[in-house]
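Have a look at the structure below before the remarks.
In the text below, chain A, chain B and the rest are named by the order of the sequence lines, each starting its count at 1. What you see is a predicted model, and the numbers here were worked out from it, not measured in a lab. Computed from heavy atoms alone, side chains included, the values below leave out hydrogens, waters and symmetry copies.
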Amino acid sequence: VLSWLARGNPNTLQSITSAPDYFARVGAVVERFQAAPDQAAALELLQEATCRMGAEVSAFVSFVRDDDAYESYRFLLACDPLWCFEYEEKAWFADDPWLAYAMNHSEPVRGSDIAVSTDGQREVVQLAERYGFRSAVIVPAPSSGGLSRLGLLCLGSRTCGYFEGVGFTALRVVARSLAMEVHEWWIAQVKRELMAEARLTGEDLMLLAHERQGHSTKAIATALSSSPSSIDSRFQRVNAKLGVANRRAAARLAAEYGLI
Amino acid sequence: MRGCTAHPMPLSIYSAAKAVARATEIMKRRSRVVPLSRDADGLTVQSADGAIKIVLLPCANGVHVQRVQLRIGCSRVVQSTVFSDEDSFVRWCDADRLKFAYPLVYTQLRRNGCALLARTRQPEHAAIDHFGA
């Protein structure tokens with residue numbers, strides 16, 4: 001594997017994906033994802049799955065917009081991490097054609113199939129090429145329910161046109177399942193972190209669930225057998241715990257991270 | 001007309017002193033580092049203002065590094081990666097532009113990261129499987 005990373009994969013994608021145990025070998029790694037206890041273990045699995053799928057490098061990006069102004073990006077990097085520095089320093093999130101694709105589509109595609117129209121987009125793609133994604137597959141991991149959170153798995157190879165061949169059809173099947181598993185694991189991880197850091201109680205979550213459903217203070221007070229002023233002050237405490245400005249943002253944050 | 005002068009008004013001694021004091025305060029704040037913390041979740045290096053936090057955790061393949069950068073009221077960026085050798089770790093530390101704003105954080109990071117990598121290379125650590133198997 002290390003020699004692959006240094007010189008590029010000597011095999012063709014077709015020869016790797018046509019192996020009789022291809023799906024079983026990748027699946028054996030993918031199914032272990034939910035049991036990964038921490039990010040180090042998850043990264044190890046991502047690296048292993050990347051190699052077994054026939055790619056050389058990969059990166060998983062999880063994106064959540066907490067409210068209109070606040071965004072959260074999380075990167076699992078099974079590639080040269082310097083790529084992420086350059087990407088982040090130039091704040092290329094807005095220009096990234098692959099991220100834009102993932103926001104509006106759910107089908108895995110080759111990077112070459114995504115139209116690049118602006119100079120900014122071209123620079124993002126060129127940067128990825130410099131860091132091992134000369135040929136790339138973009139695998140979106142969308143969320144349901146109109147939430148902003150989404151995941152994006154990028155698989156890469158240093159060999160030009162590596163993913164253009166016949167093996168892509170088999171690869172996209174396993175890549176999609178890997179992307180969804182990583183995304184689910186990542187959200188569960190963030191949810192645990194948030195619960196621990198904010199020290200939210202079951203009552204807090206109930207309150208946020210009511211807010212998310214659009215209930216008024218009076219209605220919530222009636223449902224929880226409490227007074228409206230008590231409900232308001234409880235919301236203030238929850239807002240402070242979550243570090244947000246108002247109860248609407250608190251409920252949105254809780255929904256984005258799967259707390260309610 | 002006010003606001004249309006070709007040459008801006010020179011700074012008064014008072015406002016110049018205020019600007020210097022403010023710049024000094026920013027530098028002092030950035031120089032402050034929260035004392036290193038070690039627990040089961042790893043070793044944490046962070047700036048006093050909370051803008052940057054890096055957690056180092058030994059793992060089967062080397063050292064797992066989680067870097068959390070907070071831009072107050074704007075975004076949170078978390079990077080997670082594994083380093084198996086000292087060279088790539090040092091290269092990564094040197095490439096981070098925040099090292100200029102938080103020099104003490106990065107001095108600590110480099111020293112402790114290299115020490116952890118050296119320890120994980122020792123045979124007794126290399127034999128430990130990350131999942132405890």
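Across all non-hydrogen atoms, the minimal contact from L82(A) to A95(B) is CD2-CB, 3.4 Å.
K99(B) NZ: more than 12 foreign heavy atoms inside a 6.0 Å radius.
Both the backbone and the side chain of L76(A) come within contact range of chain B, with heavy atoms under 4.5 Å apart.
A salt bridge (charged side-chain N to carboxylate O under 4.0 Å, His left out) check over residues 84-93 of chain B, counting only residues at least two apart or in different chains, returns the pairs D80(A)-R91(B), E86(B)-R121(B).
Rounded to the nearest 0.5 Å, atoms CZ (R67(B)) and CZ (F85(A)) are 4.5 Å apart. Between Q66(B) atom CD and R74(A) atom CZ the span is 7.0 Å, to the nearest 0.5 Å. To the nearest 0.5 Å, the span separating OH on Y73(A) from CD on Q69(B) amounts to 13.0 Å.
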Next item on the list: Check step by step if side-chain contact (heavy atoms from CB on, under 4.5 Å) holds for D38(A) and H64(B).
Entry: CA-CA 10 Å; D38(A) 52 35; H64(B) 172 259; over 6 Å; no
Notebook entry, point to check: After noting the C-alpha distance and the side-chain angles of V82(B) and E44(A), does the key distance pass the side-chain contact (heavy atoms from CB on, under 4.5 Å) rule?
Noted result: CA-CA 8 Å; V82(B) 170; E44(A) 213 173 289; over 6 Å; no
Next item on the list: Tell me, with the steps shown, if F75(A) and T81(B) meet side-chain contact (heavy atoms from CB on, under 4.5 Å).
Entry: CA-CA 8 Å; F75(A) 294 85; T81(B) 191; over 6 Å; no
Let me check something: any side-chain donor-acceptor pairs from residues 127-139 of chain A under 3.5 Å, sequence neighbours excluded? List them with distances.
residue	atom	partner	partner atom	Å
R130(A)	NH2	E86(A)	OE1	3.2
Y131(A)	OH	E86(A)	OE2	2.9
R134(A)	NH1	R158(A)	O	3.3
S135(A)	OG	Y162(A)	N	3.3
S135(A)	OG	F163(A)	N	3.1

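Among L98(B), N61(B), D96(B), the residue making the largest number of heavy-atom pairs under 4.5 Å with chain A is D96(B).
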